[in-house]
Amino acid sequence: MRNQERDTGGHPEHEDHGNQKFPPPEAFRARARVRDLEHFQHLYRESLEDPDTFWRRETEDLLVRRHWTKLREWKLPKIEWFVGGELNVSESCLDRFLEGPTADKVALRFEGEPGETRSLTYRELHRQVVALAAALRARGIEKGDRVAIYMGMVPEAVIAMLACARIGAPHTVVFGGFAAEALADRLNDSGAKAVLTQDGAYRRGNILPLKAAVDIAVDEAPSVETVIVFRRLGQELCPLEMRPGRDYEWAELLAQAHPDQGYAEIVEAEHPLFILYTSGSTGKPKGILHTSYGYLAYAHVTTKYIFDIRDDDIYFCTADVGWITGHTYVTYGPLSNGATVVLYEGAPNQPDWGRFWQIVDKHKVTILYTAPTAIRAFMRAGDEFVDGHDLSSLRLLGSVGEPINPEAWLWYHRKIGRERCPIVDTWWQTETGGIMITTLPGVHATKPGTAGVPFFGVKASVLPPSDEAADPDSGGLLTIDEPWPSMLRGIYGDPERVVQQYFSTVQGHYFSGDGAKVDEDGYIRVLGRTDDVLKLSGHRVGTAEIESCLVGHGAVAEAAAVGRPHDIKGQALVVFVSLKPFRRGSPKLEAELADHIATEIGRFARPDEVCIVPSLPKTRSGKIMRRLLKNIAAFEEVRGDLSTLEDRDVVDTIVQIFSARAR
Ligand code: PRX
């Protein structure tokens, strides 16, 4: 296989990249936890045929206070795992290590954007989590209360998550890139009682004023009683106004807290651990609910096998804690395995595009888990940012968040992995809680652009689309056919909706919303969303959310948001709007509408293009025909069935306007 790769290596554009196979490098395989297909298949079969034995053995090392008596109960919308079990998730991530050698091992190694380093051992992390848990209790926050975390990538964000888990208060981490309005929506939907934040975060050399956004959001969120502020930057760099009676200094509260009050609340297996908001097909983000035992068990076992975590690994996942990857594979998965986690605060191009590689060398990173959009940006920036770096510490690479195109995969393999490191292309979702489809790095040959096979306990299928008119390029429907421990337990505040959203497209099966294909080896290649969810630089954004934001602007009558393929970001956002009577389109208004999205949702959702048109193409029943707009936005010919289109002229006008802009 290596020869095959060398033969074609010089002409990436002519290669049939996706058909190459890369077996696990021998040096990796020899030391891997699972190193042959037979062993994998034995475990996989056991996980489906005798799941009690599988899950009991594989989660033996977690610290639980009461063992489960029944593995699962499953009658939608009720989903329960590890029935009868009791635990506190933070104890498995911290307390279980206090008596052994891991106590003095580094748990978090922080690299600030300006370049400073800070390390916390498991013992120190435990101490700080206990202190914050005690401080939260002292502020009247109890088991079941929701706590929002709106922070950047600092160790305190992880401490905050674990402290919430410790007192049994479900956390809802809101990505620091969300604007105040979006934060307010999430505070209100979750009914958060407290917000943990920081003065500001470094971002690409600038300062992101997080506390200032909290002030605006909390004015609209009456449930919030307490705001706790970590000083990352200090008063001089980021002057703050603290509101007496509501705002508290993190350091002061921790200093005053009595450690006895930081005890772990023992909760039942299905006690909510966190709510994480994500975009779907409606205008409002949905709060995906994950619970304690099943989520932790799955995070633990996937991290152990897929990243093949060993005691001496230095593990670097570049995801922000505001996304699911930051929950499962920055916090709960690696910490429950006693790993050393590198936490990088800033942007990948600060001070230049070599920053990740400098971090890899500085901290001797062995496992790197990042996103295709970052890999493509590194490729674009040029090899000179990689070439001077050693990178010999790396032994395993991972990719997550969107399909990785074979060119980017091969670049990652050659330039970063130096052809020595297996790549795991991990498919999963906020809703699945953990990785569902992947290869195991010591077992399976990998194929560029193809995620792999279902993980232990996962039964997946690709079913023919029910709609005959479906686009054949988007493949079949990727479904999960059996319950798994970390599956979403519901949508916060709307427990019934989960059935309609996820289990009704294919009756009784979980439908992911993704299209996929299965190849001759049974590997699954995920092609992308079949619904109205976009992936902008790996960030999940619902087109309905963008549209509802646009029609909230005084000038807009109707809006349609679509994705267009983009070399680096995967997809770019293009919006078409029609205006209210007597409003006139202008480049100024287009820019204003783009800004409106940035201030209401967040800068990451700012559209690449806003196109004002006289009216939008609709069916006779009045539905906007987004697929036509998608063709137009991508400069493609408008195709497919046009028989339901109400007015063909509308399409011609939009094509004219759009192509005139491009000229
Ligand atoms: O379309 C799939 C894509 O990301 C979606 C889930 O997004 P989110 O909930 O934000 O979680 C991202 C991090 C797990 C999926 O429906 N996706 C994720 N990983 C892959 C992927 N598409 C292809 N290959 C992947 N490895």
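Just so it is clear, the values below take in all heavy atoms, side chains as well, and ignore hydrogens, waters and symmetry mates. Just so you know, ligand 1 is whichever comes first in the structure, and atom 1 is the first atom listed for that ligand.
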query = Parallel, tilted or perpendicular: which fits the ring planes of Phe307 and Tyr315, with parallel below 30° and perpendicular above 60°?
reply = perpendicular
ask   = Considering only the protein, which heavy-atom contact is closest to atom 15 (C) of ligand 1, and what is its distance?
value = Asp514 OD2, 3.1 Å
remark   = salt bridge (Lys or Arg N to Asp or Glu O under 4.0 Å) pairs touching residues 372-381, sequence neighbours excluded, are Arg376-Glu402, Arg380-Asp567
note = ligand 1 to Trp428, heavy atom cutoff 4.0 Å, flagged ligand atoms 6 (C), 14 (C), 15 (C), 18 (C), 19 (N)
ask   = How about Tyr293 and Trp81: are their ring centres within less than 6.0 Å of each other?
value = no
remark   = ligand 1 to Val526, heavy atom cutoff 4.0 Å, flagged ligand atoms 22 (N), 23 (C)
task = Mark yes or no for whether Arg203, through its side chain, and Gly346, through its backbone, hold a donor-acceptor pair below 3.5 Å.
result = yes
query = At a non-hydrogen distance cut-off of under 4.0 Å, which region of Lys535 contacts ligand 1 (side chain, backbone, both, or neither)?
reply = side chain
note = Min over Thr430, Asp531, Leu276, Val424 of heavy-atom distance to atom 11 (O) of ligand 1 lands on Thr430
request  = Check whether any N or O atom of Thr278, backbone or side chain, sits under 3.5 Å from an N or O atom of ligand 1, and answer yes or no.
outcome  = no
query = Would a line drawn from the ring center of Tyr295 to the ring center of His327 be shorter than 6.0 Å?
reply = no
ask   = Which ligand 1 atoms are under 4.0 Å away from a heavy-atom of Arg540?
value = 6 (C), 7 (O), 8 (P), 9 (O), 10 (O)
task = Determine the interplanar angle of the Phe455 and Tyr298 rings, folded into 0 to 90°, and report it as parallel if under 30°, tilted if 30 to 60°, perpendicular if over 60°.
result = perpendicular
task = Output yes when a side-chain donor or acceptor of Thr197 lies under 3.5 Å from a complementary backbone atom of Tyr150, and no otherwise.
result = yes
ask   = To the nearest 0.1 Å, how far is atom 13 (C) of ligand 1 from its closest protein heavy atom, and which atom is that?
value = Thr325 OG1, 3.4 Å
remark   = Under 4.0 Å between heavy atoms, the region of Gln429 that gets near ligand 1 turns out to be both
ask   = Just which atoms of ligand 1 are under 4.0 Å from any heavy atom in Val400?
value = 13 (C), 14 (C)
task = For Gly401 and ligand 1, answer yes if some heavy atom of the residue is under 4.0 Å from a ligand atom, otherwise no.
result = yes
message = Angle between ring planes, His539 versus Trp323, binned at 30° and 60°: parallel, tilted or perpendicular?
response = parallel
key: Identity and separation of the nearest protein heavy atom to atom 23 (C) of ligand 1   = Pro403 N, 3.1 Å
task = Could you tell me whether Arg186 sits above the aromatic face of Phe178, with NZ or CZ closer than 6.0 angstrom to the six-membered ring centre and within 45 degrees of the axis?
result = yes
query = At under 4.0 Å between heavy atoms, which part of Thr426 makes contact with ligand 1: side chain, backbone, both or neither?
reply = backbone
